[in-house]
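Notes for the one structure printed next.
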Amino acid sequence: MKTSIATVSLSGDLSDKLEAIAKAGFDGVEIFENDFLIFDESPREVGRMVRDLGMEITLFQPFRDFEGMPEPLRSRTFDRAERKFDLMQEMGTDLVLVCSNVSPAALGGLDRAAADFHDLGERAARRGLRVGYEALAWGRHIHDHRDAWEIVRRADHPNIGLILDSFHTLSRKIDVNSIRSIPKEKIFIIQLADAPLIDMDLLYWSRHFRNMPGEGDLPVLDFMKAVAATGYDGYLSLEIFNDQFRGGSASAIAVDGRRSLIYLGDQVKRQQPESALPVPAMPPRAKVEGIAFIEFTADEDEAAALEALFASLGFHKAARHKSKRVTVFRQGAINLVVNTERKGFASASYAVHGTSAYAAGLMVDDARAALQRAVALGAERFEQALDAGEIEMPAVRGVGGGVLYFLDRQSELGRIWEIEFDAIDDDSASRPAGLQSIDHMAQTMKYEELLTWLLFYTALVEAEKTPMVDIVDPSGIVRSQVVENVQGSLRITMNGAENRNTLAGRFIAETFGSGIQHLAFRTDDIFATAAALAANGFVPLAISPNYYDDLEARFGLEAEFAERLKANNILYDRDEAGEYFQLYSPTYGEGLFFEIVERRGYRGYGAANAIFRIAALRKHLRPAGLPRP
Ligand SMILES: O=C(O)c1ccc(O)c(O)c1
Ligand SMILES: [Mg+2]
């Protein structure tokens with residue numbers, strides 16, 4: 001599959017952009033005129049830079065306000081085109097994108113536009129160049145690819161073709177099936193972009209909010225399936241106008257971009273196996289049975305404190321690693337691993353982030369296939385030296401530089417606890433509290449990283465995103481996005497902090513990076529669990545009594561039931577599907593905390609309760625600015 005991206009999609013100057021694009025593995029690049037105009041090198045030099053990086057220039061763009069001009073503007077427009085043709089020949093590209101005219105001077109009429117394109121095609125042919133016509137969603141006369149295609153068809157010139165851009169077609173909700181009958185050789189290139197659904201002016205939406213296929217809400221896959229049905233096998237080229245991407249890391253955005261195209265191609269190939277799109281073969285998205293373990297890194301003192309907390313939550317010390325300072329705490333299907341090694345990656349993570357949950361293990365259908373897919377999608381493989389008797393566990397780098405491991409039941413990985421660990425008898429007095437499994441894992445990150453990890457997870461494993469919700473923190477907004485599978489066996493909540501004053505923002509600042517901020521454990525009986533926890537000496541996060549008065553009124557709860565919730569500091573939510581109960585621990589260290597939930601049919605995450613939980617958790621933070629104890 002040939003991949004390309006428009007330089008406008010990334011931050012930096014042209015040479016920074018080109019380097020990031022090449023490094024991410026793209027085959028081609030669209031040179032956006034402004035990126036060239038503000039750059040000091042000659043067109044010839046730009047062409048050389050692109051080719052030295054092993055890429056080609058897929059097209060030069062945009063050429064604006066061309067078709068339908070009255071004289072004398074028409075002649076001037078053709079002169080302007082000749083100047084750009086000179087430039088293209090120096091750069092070494094044969095394709096220019098002409099976007100539909102937005103000028104008030106433009107005259108309508110498909111035949112007039114077709115005649116203009118025929119003439120332009122003659123001029124282009126003399127130089128061996130090609131012209132692709134794209135309908136902008138806000139074009140003055142032409143704003144629908146069906147009209148643009150009709151103009152190209154009537155222009156009837158081999159050097160004139162159509163450029164389809166998913167944003168322009170999908171933002172206007174134009175039926176994508178109209179693409180299927182276009183001859184593939186008349187489609188000169190495909191531009192791709194997604195966008196979140198926001199009700200706003202089309203031009204503004206397009207210029208500021210586009211994102212990578214799969215990151216937004218537009219049916220880009222349907223668009224791409226229609227394109228593939230024509231037999232199209234050329235470049236897929238990203239054109240992403242996005243304010244945040246322009247200010248972000250060019251290399252990170254480029255990696256996301258290439259991942260989005262590979263994932264899109266993969267979906268097309270699976271749903272339309274007969275399509276000609278040359279997509280790299282890779283295993284399907286991994287099926288996740290659950291989160292098999294979470295691994296913490298800590299020093300000896302903090303490990304002891306964590307251990308005491310785990311004991312109060314009803315975990316028992318279950319196994320010790322045969323050769324490493326690694327202990328497993330278990331309850332139900334939950335494995336919490338504490339690593340106090342002084343060498344290796346756990347130790348390096350501790351040095352950077354302090355006590356933290358730096359790794360997670362997913363139980364999947366085929367761990368090695370999951371790794372293969374992750375690598376095909378451009379994920380960074382994680383490997384470290386093994387001791388004798390250790391099993392190699394497939395892994396990639398995840399959020400905040402942490403590690404995401406893959407286990408399965410079909411290989412020895414499913415017996416990791418028996419193979420690498422010795423079972424131990426726990427001598428503590430704590431009793432199980434009915435915690436069954438990890439309901440969800442909450443990862444906190446900067447807002448700019450949300451789309452990256454959303455795409456990472458959804459491209460890699462069988463899981464989908466749910467709509468973004470705003471969480472109100474007394475010090476700002478945190479955006480929350482969920483990735484979950486239909487079975488509910490994988491639930492990841494990602495919180496994107498916009499500033500460092502929110503609880504989430506502080507977590508990132510204090511632990512020097514993104515990571516797992518909390519784990520939610522599932523119980524089948526929240527009240528029995530609360531009683532068992534109390535017997536173990538667990539002190540829950542205290543919730544304001546005012547919350548319970550409001551709750552009683554809001555849901556029409558029985559006074560006795562509301563009183564019971566209040567007595568146990570349990571938060572409550574309800575929707576059409578059922579009821580939800582939440583109980584929290586205070587924060588540990590720099591903002592790490594635990595949650596216990598019971599779901600009675602409910603599928604959400606208690607977003608309405610977040611403000612109460614955050615306000616309560618904040619009381620446990622040490623004042624900002626004080627050094628770590
Ligand atoms: O916003 C624009 O003007 C613009 C220009 C060129 C394109 O290919 C496009 O999709 C949009
Ligand atoms: Mg475009």
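Numbering of ligands and ligand atoms starts at 1, following listing order. Since the model is a prediction, treat every value here as computed from it, not as a measurement.
Residues Ser275 and Tyr232 have side chains not in contact (no heavy-atom distance under 4.5 Å, counting atoms from C-beta outward). The shortest side-chain heavy-atom distance between Trp149 and Lys186 falls under the 4.5 Å cut-off.
Not counting sequence neighbours, the partners of Asp86 by the salt bridge (charged side-chain N to carboxylate O under 4.0 Å, His left out) test are Arg127. For the salt bridge (charged side-chain N to carboxylate O under 4.0 Å, His left out) test, residues two or more places apart in sequence or in another chain that qualify with Asp35 are Lys17.
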Could you tell me, for ligand 1, which of its N or O atoms are under 3.5 Å from any protein N or O, listing the pairs and their distances rounded to 0.1 Å?
from	atom 1	to	atom 2	distance (Å)
ligand 1	1 (O)	Arg207	NE	2.6
ligand 1	1 (O)	Arg207	NH2	3.4
ligand 1	3 (O)	Arg64	NH1	2.6
ligand 1	3 (O)	Arg64	NH2	3.2
ligand 1	3 (O)	Arg207	NE	3.4
ligand 1	3 (O)	Arg207	NH2	2.8
ligand 1	8 (O)	Gln61	OE1	3.2
ligand 1	8 (O)	Glu134	OE1	2.7
ligand 1	8 (O)	Glu134	OE2	3.1
ligand 1	8 (O)	Gln191	OE1	3.2
ligand 1	8 (O)	Glu239	OE1	3.1
ligand 1	8 (O)	Glu239	OE2	2.7
ligand 1	10 (O)	Glu134	OE2	3.2
ligand 1	10 (O)	Asp165	OD2	2.9
ligand 1	10 (O)	His168	NE2	2.7
ligand 1	10 (O)	Arg210	NH2	3.2
ligand 1	10 (O)	Glu239	OE1	2.8

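Protein N, O or S atom count below 2.8 Å of the Mg ion (ligand 2): the structure gives 4.
Within the 6.0 Å centre-distance limit, the rings of Tyr605 and His440 are counted as a close aromatic pair.
Ring geometry for Phe209 versus Tyr204: interplanar angle of 30 to 60°, hence tilted. Ring orientation note: the planes of Phe66 and Phe63 are tilted relative to one another, at an angle of 30° to 60°.
Atom CZ of Arg500 is surrounded by 12 or fewer heavy atoms from other residues, nucleotides or ligands within 6.0 Å.
A cation-pi geometry, defined here as NZ or CZ lying under 6.0 Å from the six-membered ring centre and within 45° of its normal, does not hold between Arg259 and Phe456.
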